[in-house]
2 protein chains.
Amino acid sequence: MRDDVGEQPQITLNDVAQAAGVSPATASRALNGTARVRADLRERVLAAAGQLAYTPNAHAQALARASSQAVGVICHDVSDPYFAGIARGVMRAAAEHDFQVIMGSTFRDPAREVSYVSMMRGQRVRAILLIGSGFEDRAWQEAMREELARCSAAGARIAAVSRHQGLRIDSVLPENRAGAAALARALLDLGHRDFAVLTGPPTLTTVMDRLNGFRDALTQAGITLDPGQIVEGVFSRDGGYRAAGELISRGLRATCVFASTDIMAVGALAAFRDHGLAVPADVSLAGFDDIPVVGDLTPPLTTVALPLEELGKRVMALALRPAIAGRSRIERVPGTVVLRASTSAPTRRPLAERTSP
Amino acid sequence: MRDDVGEQPQITLNDVAQAAGVSPATASRALNGTARVRADLRERVLAAAGQLAYTPNAHAQALARASSQAVGVICHDVSDPYFAGIARGVMRAAAEHDFQVIMGSTFRDPAREVSYVSMMRGQRVRAILLIGSGFEDRAWQEAMREELARCSAAGARIAAVSRHQGLRIDSVLPENRAGAAALARALLDLGHRDFAVLTGPPTLTTVMDRLNGFRDALTQAGITLDPGQIVEGVFSRDGGYRAAGELISRGLRATCVFASTDIMAVGALAAFRDHGLAVPADVSLAGFDDIPVVGDLTPPLTTVALPLEELGKRVMALALRPAIAGRSRIERVPGTVVLRASTSAPTRRPLAERTSP
DNA sequence: CTGAAAGCGCTTACAG
DNA sequence: CTGAAAGCGCTTACAG
């Protein structure tokens, strides 16, 4: 029973109105419940609409109403568990409000992010949700700020998860800095004094916040983080693997390694194993985010848990709540240090030379 | 520099036309390149548009053109790594074609799936991509078929990943059945004769295909799968954990367990560990999908690898390729058995009573 | 409560 | 090549 491919004219409001013997205006009102309609007429309209399987043309509606039922969501990569978790919360919230979700993946390209925003402006979305870290890049900030200003002038709400340097927008802020600091203190409590950090691209605010928070807490404990023990990598499993490898080849002096993202920690764990280093016996390892699987690794990963789905719901709610003119609203969401078996008290074994596979 | 909250009238084509001193028709043609426009006029239009930061109202365009630049994507749950992987491919492909992606998460509710389709029909999307398993449910099939028929009558292309029972739509089919059979043969080759299977909801075609493929291969080898060794669970980490626990409490007679989804295998692995069962020493474990993290588990998981991102790109390409009237196109994508350390030759140790934590 | 009419912002035959 | 005009499918003051 394949239906033929030819296009048929769409059923319009007019068709429904005619079938019900009323004017389009009345049909519209009956369907939308925007005004009182005599009961029997309403019945007839509803019946006709059901009969004809009428679905209003969303574009015509959006045009006539000068607003749509859509929200735009921009993230770096849907397949990254961090974003996927947040996106889940957004999708839930959207479903509750009967919003359509227009999704854009930037694949970490700043320019693409700007062009998505302007595309969504063209869609006249009700809100734009920026998920994921902003870029520490002046030109980008400038372009983004202008574009976002046009959006809000057009009536779109803007809200973000994470700090978006220089944009001054309503934000749900995971406490990256405080969380990393708390993690550092927990690791200090375990007895560690020598640390290394695997970071991501320094253009991402999240990266810098976590690094700075971690370092600050060390500094307060009178410990300096050796710059040579900070390795920059890509925010991915393989990025973590390579960064850990680089750290090892530089001579791993730390007893504890902080990967600024769980996904990097997963790769780091594999790298340590491949180099014959036992976690935590030889080196402790901690991550950040608490993405679903890290509790099932061997050893389970110590990390800072962020309520990902909750972040998604919150950012949607924030965007929907009427804005306060002149100032951006900030909602801070704390992270929770979760100590698992990947961290333990430091061992005294010298590690620097242990780089054999 | 917060912009005031008040809405400003949008910049329209008319504004651009006036600023450029031409008619809206000419402005439209210049902007879209749909017809020759005198060079100097075109320049003026483009300059004015840039100046005013003009973005066409996508709804007005869609209405006038009777078609949009959007595709609809429906999956069960974006945060599931399987869908996230496919979605990544879809997003890539969409970006290449400059399509907007309207995303819907059904959270495995058949009714919600139908209503998303009809919502997308209202959006006049160019294509609807059904990601993820269909439901083996007559009423749903009926409703879905009707709704999809209306969509294609309206000119929307439909394509799916996975088998959608009774819908007869263009599909990219991961070879679930053949993949599961190949896996079974590989496990037989390892020497296993006693198997158990952790399945998902029997209403999902994917579940049944994998189970049947696995069982068929066993049958061909003269081995029957004890129904008591088939446990139905939820498609999630915790579902796998519980299903494995149930299997153990029933008395685990199998030397090898097949979890029909990697995500369930992750939970099963944890359950085995919590019950003091070593994998693969006490019991071998295999999954299906090869989602990113399973190679980093301890032990790394034997599975059937599916090219997730590729599936996403293929389904998009399939939807875009002109349909063939009267018949649905099928593209089969094979899975690859990946043997890792979670499976080994069976041990002779009796397992049935080993249920101590 | 109901309907005729204008308008939302664009595109595209149709004349010129 | 250019412009005036009609039309896309809806909503919503405006009269009645």
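Below, chain A is the first sequence line, B the second, and so on; all start at residue 1. Because only heavy atoms are used, hydrogens play no part in the values below, and waters and symmetry mates are left out as well, while side chains stay in.
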**Student:** Once each nucleotide of nucleotides 9-16 of chain C is scored for protein heavy atoms under 4.0 Å, what B/S/- sequence comes out, 5' to 3'?
**Tutor:** BBBBB---
**Student:** Checking Arg38(A) now: which residues fulfil salt bridge (charged side-chain N to carboxylate O under 4.0 Å, His left out) with it, not counting sequence neighbours?
**Tutor:**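 Residues passing salt bridge (charged side-chain N to carboxylate O under 4.0 Å, His left out) with Arg38(A): Asp40(A).
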**Student:** Under the salt bridge (charged side-chain N to carboxylate O under 4.0 Å, His left out) rule, what pairs show up with a residue in residues 83-99 of chain A, not counting sequence neighbours?
**Tutor:**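 Those involving residues 83-99 of chain A are Arg88(A)-Glu309(A), Arg88(A)-Asp77(B), Arg92(A)-Glu309(A).
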**Student:** Looking at DNA chain D, which of residues 38-49 of chain B put a heavy atom within less than 4.0 Å of it?
**Tutor:**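 Contacts with DNA chain D under 4.0 Å: Arg38(B), Leu41(B).
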**Student:** Kindly write out the residues that satisfy ring-ring contact (aromatic ring centres under 6.0 Å, His included) with Phe83(B), not counting sequence neighbours, or none if the list is empty.
**Tutor:**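 Partners of Phe83(B) under the ring-ring contact (aromatic ring centres under 6.0 Å, His included) test: His76(B).
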**Student:** Please list, chain by chain and in numerical order, all residues satisfying salt bridge (charged side-chain N to carboxylate O under 4.0 Å, His left out) with Arg321(B), sequence neighbours excluded.
**Tutor:**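 Arg321(B) satisfies salt bridge (charged side-chain N to carboxylate O under 4.0 Å, His left out) with Glu331(B) only.
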**Student:** May I have all residue pairs that pass salt bridge (charged side-chain N to carboxylate O under 4.0 Å, His left out) and include part of residues 117-134 of chain A, sequence neighbours excluded?
**Tutor:**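 Residue pairs with at least one partner in residues 117-134 of chain A: Arg121(A)-Glu147(A).
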**Student:** Which whole number of Å gives the distance between the P atom of dC10(D) and that of dC14(D)?
**Tutor:**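 Here dC10(D) and dC14(D) have their P atoms 24 Å from each other.
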**Student:** What residues, two or more places apart in sequence or in another chain, satisfy ring-ring contact (aromatic ring centres under 6.0 Å, His included) together with Tyr82(A)?
**Tutor:**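 None.
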**Student:** Please set out all donor-acceptor pairs under 3.5 angstrom arising from side-chain atoms of residues 58-66 of chain B, sequence neighbours excluded.
**Tutor:**
unit_1: His59(B); atom_1: ND1; unit_2: His59(A); atom_2: ND1; d: 3.0
unit_1: His59(B); atom_1: NE2; unit_2: Gln123(A); atom_2: O; d: 2.7
unit_1: Arg65(B); atom_1: NH2; unit_2: Asn32(B); atom_2: OD1; d: 3.2

**Student:** When rounded to the nearest Å, what value does the distance between P atoms of dA5(D) and dC1(D) take?
**Tutor:**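 Approximately 23 Å lies between the P atom of dA5(D) and that of dC1(D).
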**Student:** In dot-bracket form, 5' to 3', how is DNA chain D paired? Count Watson-Crick and G-U wobble pairs only if both distances fall under 3.5 Å, and write | where the partner sits on another strand.
**Tutor:** |||.||||||||.|||
**Student:** Identify, with sequence neighbours excluded, every residue that meets ring-ring contact (aromatic ring centres under 6.0 Å, His included) alongside Tyr54(A).
**Tutor:**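 Checked Tyr54(A) against ring-ring contact (aromatic ring centres under 6.0 Å, His included); zero matches.
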**Student:** Pairing donors with acceptors under 3.5 angstrom, does anything connect the side chains of Ser23(B) and Thr26(B)?
**Tutor:**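 Short answer, yes.
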**Student:** Show me the pairs that pass salt bridge (charged side-chain N to carboxylate O under 4.0 Å, His left out) and involve residues 47-63 of chain A, at least two apart or across chains.
**Tutor:**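 Matches after skipping sequence neighbours: none remain.
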